Amino acid sequence: MDLSTHIGGGLKIKNPVMMASGTFGHGAEYATLFDLSRLGGVVTKTITFHARAGNLPPRTVETPSGMLNSIGLTNPGIDAFIRDKVPPLAALNTGRVVSIAGTSNEEFAEMARRFNDLDGVDALELNISSPNMKDGGMLFGCSETAAHDVTRAVKAVSRLPIIVKLTPNVTDIAAIAVAVEEGGADGIALINTLLGMAVNIHTRRPVLGNITGGLSGPAIKPVALALTWKVVNRVSVPVIGMGGITTVQDALEFLIIGASAIQVGTATFVHHSAALEIIDGIADYCKAHQLANLSDLVGSLQPPLGR
Amino acid sequence: MDLSTHIGGGLKIKNPVMMASGTFGHGAEYATLFDLSRLGGVVTKTITFHARAGNLPPRTVETPSGMLNSIGLTNPGIDAFIRDKVPPLAALNTGRVVSIAGTSNEEFAEMARRFNDLDGVDALELNISSPNMKDGGMLFGCSETAAHDVTRAVKAVSRLPIIVKLTPNVTDIAAIAVAVEEGGADGIALINTLLGMAVNIHTRRPVLGNITGGLSGPAIKPVALALTWKVVNRVSVPVIGMGGITTVQDALEFLIIGASAIQVGTATFVHHSAALEIIDGIADYCKAHQLANLSDLVGSLQPPLGR
Amino acid sequence: MPEIPHFVQEQARVLSNQPVAKGIYLMRLEAPAVSRTCQPAQFVQILTDPGLSPFLRRPFSALRVDRDAGWFEIIYDVIGPGTERMAVAKIGDEFDINGPLGQPFVPPNTGRLLLVGGGVGLVPLAFLAWAHPERRNDMVYLMGAANGHRMPDMAALLPQNLVLHLATDDGSVGHKGFVTQLIAEHVVPNTTVITCGPHAMMAQVAKIAGERKLPCFASLENHMACGFGACMGCVVAYKEATTPDLQYRRVCLEGPMVNAHAIVW
Amino acid sequence: MPEIPHFVQEQARVLSNQPVAKGIYLMRLEAPAVSRTCQPAQFVQILTDPGLSPFLRRPFSALRVDRDAGWFEIIYDVIGPGTERMAVAKIGDEFDINGPLGQPFVPPNTGRLLLVGGGVGLVPLAFLAWAHPERRNDMVYLMGAANGHRMPDMAALLPQNLVLHLATDDGSVGHKGFVTQLIAEHVVPNTTVITCGPHAMMAQVAKIAGERKLPCFASLENHMACGFGACMGCVVAYKEATTPDLQYRRVCLEGPMVNAHAIVW
Ligand SMILES: Cc1cc2nc3c(=O)[nH]c(=O)nc-3n(C[C@H](O)[C@H](O)[C@H](O)COP(=O)(O)OP(=O)(O)OC[C@H]3O[C@@H](n4cnc5c(N)ncnc54)[C@H](O)[C@@H]3O)c2cc1C
Ligand SMILES: Cc1cc2nc3c(=O)[nH]c(=O)nc-3n(C[C@H](O)[C@H](O)[C@H](O)COP(=O)(O)OP(=O)(O)OC[C@H]3O[C@@H](n4cnc5c(N)ncnc54)[C@H](O)[C@@H]3O)c2cc1C
Ligand SMILES: Cc1cc2nc3c(=O)[nH]c(=O)nc-3n(C[C@H](O)[C@H](O)[C@H](O)COP(=O)(O)O)c2cc1C
Ligand SMILES: Cc1cc2nc3c(=O)[nH]c(=O)nc-3n(C[C@H](O)[C@H](O)[C@H](O)COP(=O)(O)O)c2cc1C
Ligand code: FES
Ligand code: FES
């Protein structure tokens, strides 16, 4: 059985299961936890040009079947990242995707350019969807023009496959997807977190230091699935689906509707090897349903009965 | 202790807890279940001009801490509604709000006009946010201009307080809220359901006959709270918050951030008297915190510690 | 339109809970208020966990009630998170339940009653048999299951002296084949067919009954969010409707036992 | 930056679970792998329900381990859905756990060790006492609780012959007032203060220690989503940081026992 899949720009990964940005550190530090070479890929925590402290704590709170986070892109900046984090990442035998976020088209492009001469990075994921970044972040992902232009600016300078990660907090995510595809994106990833909030009724204060945060986990899976469905129907580049994927059932739903790969985020916090169980489960499913290639599964959705 | 609250256009209800549209039938038929006069108000299932069959079943499916529905505004049409449902509704001793949805500004206005000469309806809720209506529905709620214009059209003809119910499936809900306020809305209700989907991995078909549906229940509460927070910060008319409210804690969160009232929807399916427990709980909380009036609670949010 | 049945919310205590076949359990719940009024074809909704997962209540038909002792029984198939939680319940554990819901079903006064059950669909039919001793001589109970392991000891679940015929797909117990194959030989003039089981089985039963012009009633198990008519979710399509809003009708309110010839299968 | 500790996921079996004070429980869990390596100040993460509610694991400090028998103990305050589920666990029930997490804490080799615990904050301090018999003569354990009902029988939880002073807010047991008021009289030259308890109490302890120029370590209980350094959620602010990304550091990874003078309280 061949579980390999294309995620854009000619990048083929060994199976469709990747670790989502911001939920698995920089990847390599978890090599003691399990065999990272079993993964389809790893997306590193989003880096910015300059080092960032991130948001005021508290930064996480549990919600029904999910959680809010307002981490705020804590990261050491691109220089320290390239110096300290890329070498161990490069040593991994899996798809190595670096997530970047800039505050302008130029900064995005400049960051992308730095990876042109580096070995060991297979693709870039443009985070134009972080609800926790005040300057830039989600702003790029909320407008077709801005999303298109930043993609084009990066594509103009980068030699790597470019995956653009979209925010669900928009009226028409398919239109944004089409815009980034027109901007030259090699692949599209979605969804980043939904904007959310929680209040402590005893202190009558927001639970999060940042007031609002991003909702992730099983609670958002139905939303992620609907938006992924909207996007796969409108673009022809590979789509990486995510949002609440916790079990193999969840992953299969995304693949069946047409996602070429999936990312596991919050689920890792609860079951650190959730991704591995999902890989095994996909293999079992394909075997049971006599699907020789992952591509036989991807996009195999039938219409509802009676339609 | 005075739990009464204003929800727009001079309409005062006895407490801030209302039953959400589409989750409590036409209200009056549940008079045997509990004492409906204890409620702040009841919003009836959205009606359309013509009778509608609604969507192909299956129409509901459970999701983590929530559910998807694709009912599709099954209703007998405005004539039958006024003939059969308004008289028992009018007999109720609670805030009686009728939810209407049209397919054009004119149809919305025409429907609103029909209620001018009827006794026993205290306000109209304009449903410009249903994800399950192909013609109209959410479309009005997705554009500032459309939302503004439909509100204005209804306000021009109606003598009743007009509450406009918004969809969360937009980029900038506060801008839509401002637009409907400028259109003359007396109050704003939010959120309607989030677009969602589920797939049966055994049949590889959508679970819902309508493919997508609306996500409701505790899963969406953090999103509803963040969007309500965005809206209360931008408009001065009363805001009715909803989305996943299940416990008194949930209701208090919405009131604390500034909602003048709340609606209970999906929670009723699981605990039919959830609204009553919430009313009691709000009273207990106000007592324990020595708040004489509900208005002392509404909007009492403090900034996060350290800010 | 039928009225909302008068139902109650009650803390029900588990009096017993044990397997009656492979993956199929019988649970007796102490719940005086529900037991007092529950009629054949009605159902209860069980909150299988006090937290949010599973989120919705799970509906189960009543099998048998003891109004004086204040208990009723259900039989359930363990197929997902809700029924898995139920299966591990111990004597004395409590569940929050709603009931009775749906319309009671009263069988016709005369003629044969041919009860056709499949799997846990046996439940509402068994209640009918318990509740109508005066009609028992006219009842013929046909019961199907996948195999012997999935076939409960029916004698323990049904009143004595009921005519009973079994069928299993693999022939390990009773007739080999589908229970629907037994229908023909048990039809007499003036027979009413009443069925509950998997959707495909009931559709087949309705078809056979239709061909023979026999009245037929089926107990549907559509997905239910509320169970009391509030959400419009559990609908089934009717063949004839005077107005569009009557095209789909609520199974929880008008059913779950419906005229099998009136609906679209 | 510290390395991710090598932790395991294990099915832990409840060996005992009973109250030791009002709303406070002691649970012993059979979990050979975790027990083998768990050190003072480390913690475990318990999945309190196999479903989705509660969703995240709940972190608890280890109280005591028996490496040979393969068990460890925790003490927990029942304050919400997760700990409520734990409180009803019966002997033989199983929980999915991760551990040990966090950095082990090794106390200084010389000088007095002044352990200041509040409520269930007693746990990591007690483990320190159990794990370092060679230092026990230098330990003074100050323990605070709201009142006598909330004060466990400390003799049963601590090694014998440990110098112990109690305080309760209402004076029902021991000193009347805050446990922090006892610190002054127990400070000798070369004292290290080690504390765990409510945030406000630890902040006060750190302040007192600072005024007296005593080294001070505090075991923090920030909200944790992952517990193993992956989410960046559980951070505490440090007073000094060479680069912005070091301004906030992960309690689950660098702590939970941190230098109380280095952080912003
Ligand atoms: C009126 C009625 C009477 C029923 N009587 C019985 C009975 O006597 N014995 C019995 O074993 N089963 C009965 N069922 C079916 C039973 O409700 C489901 O098997 C049960 O809800 C499964 O829950 P789960 O969490 O274990 O499985 P899940 O994994 O949640 O679901 C498995 C299957 O059950 C269906 N289901 C889940 N939740 C609901 C719901 N809220 N409403 C309807 N269907 C649902 C799903 O569509 C799915 O096909 C009845 C259903 C209805 C509507
Ligand atoms: C390193 C560490 C060690 C701890 N050791 C102990 C101990 O020995 N004994 C003890 O009783 N408690 C300990 N706690 C606190 C314990 O984890 C919480 O009391 C528990 O998670 C509450 O869960 P709940 O579902 O019962 O309550 P909830 O209602 O979920 O929460 C009640 C309170 O607990 C906090 N809390 C909830 N979930 C988490 C989480 N995932 N991480 C951190 N805090 C959370 C919440 O912020 C809230 O203030 C420790 C916490 C940490 C971080
Ligand atoms: C704690 C946390 C931190 C995150 N940080 C990032 C990030 O730095 N960059 C990014 O693109 N997405 C980030 N995300 C979003 C996830 O990658 C993912 O898009 C989202 O959480 C939905 O998937 P999930 O429900 O599986 O977690 C973060 C999510 C969480 C929970
Ligand atoms: C089954 C169902 C039917 C609904 N029908 C309507 C409707 O007719 N009109 C409307 O404005 N909202 C409708 N809603 C949306 C609710 O009124 C509410 O906005 C939403 O469900 C979020 O609140 P909740 O999480 O408390 O249910 C419906 C929701 C559900 C679950
Ligand atoms: S289940 Fe809600 S109407 Fe039938
Ligand atoms: S809890 Fe995730 S980094 Fe500490």
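These numbers come from a predicted model, not from an experiment.
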Evaluation steps, side chain to side chain contact (heavy atoms under 4.5 Å, CB included), between B:Val248 and B:Glu277: CA-CA 7 Å; B:Val248 63; B:Glu277 278 150 41; over 6 Å; no
Calculate, to the nearest 0.5 Å, the distance between atoms [atom1] and [atom2] belonging to [X] and [Y] respectively.
X	Y	atom1	atom2	answer
A:Thr266	A:Met242	OG1	CE	11.0 Å
A:Ile211	B:Trp229	CD1	CH2	5.0 Å
B:Thr145	B:Ile176	OG1	CD1	8.5 Å
B:Thr212	B:Leu194	OG1	CG	12.5 Å
A:Ile188	A:Leu126	CD1	CG	11.0 Å
A:Arg204	B:Leu297	CZ	CG	6.0 Å

Least distance between heavy atoms, B:Pro168 atom then B:Leu227 atom: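 Heavy-atom minimum between the residues: CB-CD1, 3.4 Å.
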Choice from A:Ile173, A:Asn200, A:Ile201, A:Val61 maximising heavy atom contacts with chain B below 4.5 Å: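 That would be A:Ile201.
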For chain A, the option from B:Val199, B:Asp172, B:Thr63 that forms the most heavy-atom pairs under 4.5 Å: B:Val199
Test item: B:Asp149 and B:Phe140 side chains (from C-beta on) under 4.5 Å apart, heavy atoms: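 No - every pair of side-chain heavy atoms lies 4.5 Å or more apart.
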Passing option when A:Ser129 is tested against A:Asn192, A:Thr167, A:Asn169 for side-chain hydrogen bond (donor to acceptor under 3.5 Å, both in side chains): A:Asn192
Interchain contact, A:Leu68 with chain B, by part (heavy-atom threshold 4.5 Å): side chain
Check: A:Ser70/A:Asn210 side-chain N/O donor and acceptor closer than 3.5 Å: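 Absent: no donor and acceptor within the cut-off.
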Residue-level contacts of residues 215-225 of chain B with chain A, using a heavy-atom cutoff under 4.5 Å: B:Leu215, B:Pro218, B:Ala219, B:Pro222, B:Val223, B:Leu225
Close approach to chain A in residues 251-259 of chain B, criterion heavy atom under 4.5 Å: B:Leu252, B:Glu253, B:Ile256, B:Ile257
